[in-house]
Amino acid sequence: MERIVEGKWIRFPFRNPLQLQAWLEDLSLEGWKLEKVGGEYGVFRRVPPHRIRYRMEPTERLWEDKPFSYYEEKERLYEEMGWRLLGKTGRDLCYLYCTEDPNAPELHTDAEIQKVLWRRTLRRSVLWSLLWLGMVLFRLLTLLDKFFGSSDAVIASANLVSISANQVVSTVFMGVVFLVSLWYGWEQCAPYRQLRRGDDAPCRSYPTGGWRWWRRRIAYVLIGLLGLVPLGSLLGVWSTLDKGTDAFPSSYFDYDFYDLPAGRALPYIDLAGLDYRGTLNDRITYTERANTFTTVYASYVAQSAEVYALPLQYLTTDYYHMRSAYFADLLQEKLLLGVLEVETLALPGTDTALRGRDEDGNPFLLVRRGSRIIYFQCSEGLVDLYAQAEAVVDLLDRAAY
């Protein structure tokens, strides 16, 4: 004997209000009456098949400045007309009413009044979408500025190297949320669009398939997991020494050379072994980055010497191992911003070898092999920088990363 189910929960995610109304009425003809609304679910009770009409109306907000008596009078009027309030649905976006009286008048018969009511949904959708769009544009412009902004070579190259995977993923995540929000808002504004067109054509059938439900759930889970990536960065999940977004806390601070982890050999040319002017300063500062979105590994080492009656003179070795040839091309372009002169060298074992003077007139060497680049630069007159070209090429061979 077949067991008769007297009641059940049915999920109906709030999308297009017109589709939802028509679907609920179709269920009543199959013998299911909606008794209660809770979130995205409704409690249905088995009844003799008959038409039950359902109507949705946008909820008011506190800032719409309605007197308390307005709500009481509206509910009393709707009850006198034969309509019963079932509750709110769609994250409290709409009231849901029903009536079993075939002669009950419609809640609203004036198309202009209905337009005013449903314009609320349009307004909310536009404001919500503009909010998300503003956040997405802010994130995107910040990211693009790191990729392509700044006319200062030092800042531009440091920004490119410091782009983390979390910044890129979170920007994409916010973009996806914006598009989903825009699509849902478009569907929820269907009544307003239909009233504007004066279209009475029946809407498409309400999507209730199981696979559609699971597909949306899987998408929500994946989007949620992507959203946890930036949180993981904040919690330091990937901020370990050899793995993670940053091998060291920040590229905006110098670290004393004596804090260098045991066994780590930085790729740099030692000023102590060169014919330099002045008195060598014992302090060497460095910065390292590893496993960013653009970079496998990067290090910056600065050494200094005191020359009488002159400011402190510096010798710096920047080593970059980029993730792809594209990022290496972009970095090379940034390192050469504002140079006063540049000359190509023929150095065996390199794809590109350049020498010249930067915007301050200080000499530099740039040596590249594949996606690896060494930028070797010093203060004017500190050492014969160009004589170290072969040593810089050897440094490419010795670099561990």
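- No more than 12 heavy-atom neighbours from other residues, nucleotides or ligands sit within 6.0 angstrom of CG on D275.
- The shortest side-chain heavy-atom distance between T294 and M322 falls under the 4.5 Å cut-off.
- Side-chain N or O atoms of S170 include one that pairs as donor or acceptor with a backbone N or O of Q167 at under 3.5 Å.
- Nearest heavy atom pair, residue Q313 against residue L382, reads CB-CD1, 3.8 Å.
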CA sep, side-chain torsions, deciding dist, call: C378, Y314, side chain to side chain contact (heavy atoms under 4.5 Å, CB included): CA-CA 5 Å; C378 75; Y314 284 95; over 6 Å; no

Derivation of the salt bridge (charged side-chain N to carboxylate O under 4.0 Å, His left out) call for D397 and R369: CA-CA 10 Å; D397 298 324; R369 181 189 298 154; 2.9 Å; yes

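- When every heavy atom of G370 is checked against every heavy atom of A328, the shortest pair comes out as O-CB, 4.2 Å.
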R277 and E306: CA distance, side-chain angles, deciding distance, salt bridge (charged side-chain N to carboxylate O under 4.0 Å, His left out) verdict: CA-CA 8 Å; R277 289 195 303 157; E306 298 179 19; over 6 Å; no

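- Considering V367, L345, L366 in turn, V367 is the only one that fulfils the side-chain contact (heavy atoms from CB on, under 4.5 Å) rule with T350.
- Counting heavy atoms from C-beta outward, E343 and L354 have side chains that stay 4.5 Å or more apart.
- Under the 3.5 Å distance criterion, the side-chain polar atoms of S28 are matched with a main-chain donor or acceptor of I52.
- Remark: L330 CG to F148 CZ distance equals 5.5 Å, nearest 0.5 Å.
- Of the possible donor and acceptor atoms, one in the side chain of N362 sits under 3.5 Å from a partner among the backbone N and O of E380.
- Counting all heavy atoms, side chain and backbone alike, M174 lies closest to V136 at O-CG2, 3.4 Å.
- Ring geometry, Y297 versus Y319: the interplanar angle falls from 30° to 60°, so the pair is classed tilted.
- Aromatic ring pairs are classed by plane angle as parallel below 30°, tilted from 30° to 60° and perpendicular above 60°; the pair Y95 and Y97 is tilted.
- Side chain of Q21 to backbone of M56: a donor-acceptor contact under 3.5 angstrom is found.
- Checking K33, R51, R53 one by one against E100, the salt bridge (Lys or Arg N to Asp or Glu O under 4.0 Å) holds for a single residue, K33.
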Side chain to side chain donor-acceptor pair (under 3.5 Å) between Y78 and E73, worked out: CA-CA 9 Å; Y78 285 3; E73 291 175 3; over 6 Å; no

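- The shortest side-chain heavy-atom distance between F376 and F364 does not fall under the 4.5 Å cut-off.
- The two residues V161 and A298 make their nearest non-hydrogen contact at CG1-CB, 3.6 Å.
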Steps toward side chain to side chain donor-acceptor pair (under 3.5 Å) verdict (R289, S162): CA-CA 7 Å; R289 279 193 177 272; S162 66; 4.9 Å; no

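- Atom CG of residue L27 and atom OH of residue Y54 lie 7.5 Å apart, to the nearest 0.5 angstrom.
- Here L347 contributes atom CG and E390 contributes atom CD; the two are 7.5 Å apart, rounded to the nearest 0.5 Å.
- If you take CG on L337 and OG on S157, they are separated by 8.5 Å, rounding to the nearest 0.5 Å.
- Here the side chains of K334 and L160 are in contact, with some heavy-atom distance below 4.5 Å.
- Closest heavy-atom contact between S371 and A325: CB-N, 4.5 Å.
- By the 4.5 Å heavy-atom criterion applied to side chains, E333 and D329 are not counted as neighbours.
- Remark: N281 CG to S304 OG distance equals 3.5 Å, nearest 0.5 Å.
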Trace of the side chain to side chain donor-acceptor pair (under 3.5 Å) decision for D358 with Q377: CA-CA 9 Å; D358 65 15; Q377 187 263 346; 3.3 Å; yes

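- For the pair F44/E35, no side-chain contact is recorded, criterion being any heavy-atom separation below 4.5 Å from C-beta on.
- The nearest pair of heavy atoms linking L34 to V37 is CD2-CG2, 3.9 Å.
- Taking OH from Y375 and CZ from R368, the interatomic distance works out to 15.5 Å, rounded to the nearest 0.5 Å.
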Test side chain to side chain donor-acceptor pair (under 3.5 Å) applied to Y320 and D318, step by step: CA-CA 7 Å; Y320 304 94; D318 295 7; 3.2 Å; yes

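- A cation-pi arrangement is not found for R55 relative to W83, the charged atom failing to lie both closer than 6.0 Å to the ring centre and inside a 45° cone about the ring normal.
- The side-chain heavy atoms of S181 and W128, taken from C-beta on, include a pair separated by under 4.5 Å.
- Side chain of R372 to main chain of H321: no donor-acceptor pair is present (N/O by atom type, distance under 3.5 Å, no hydrogens or angles).
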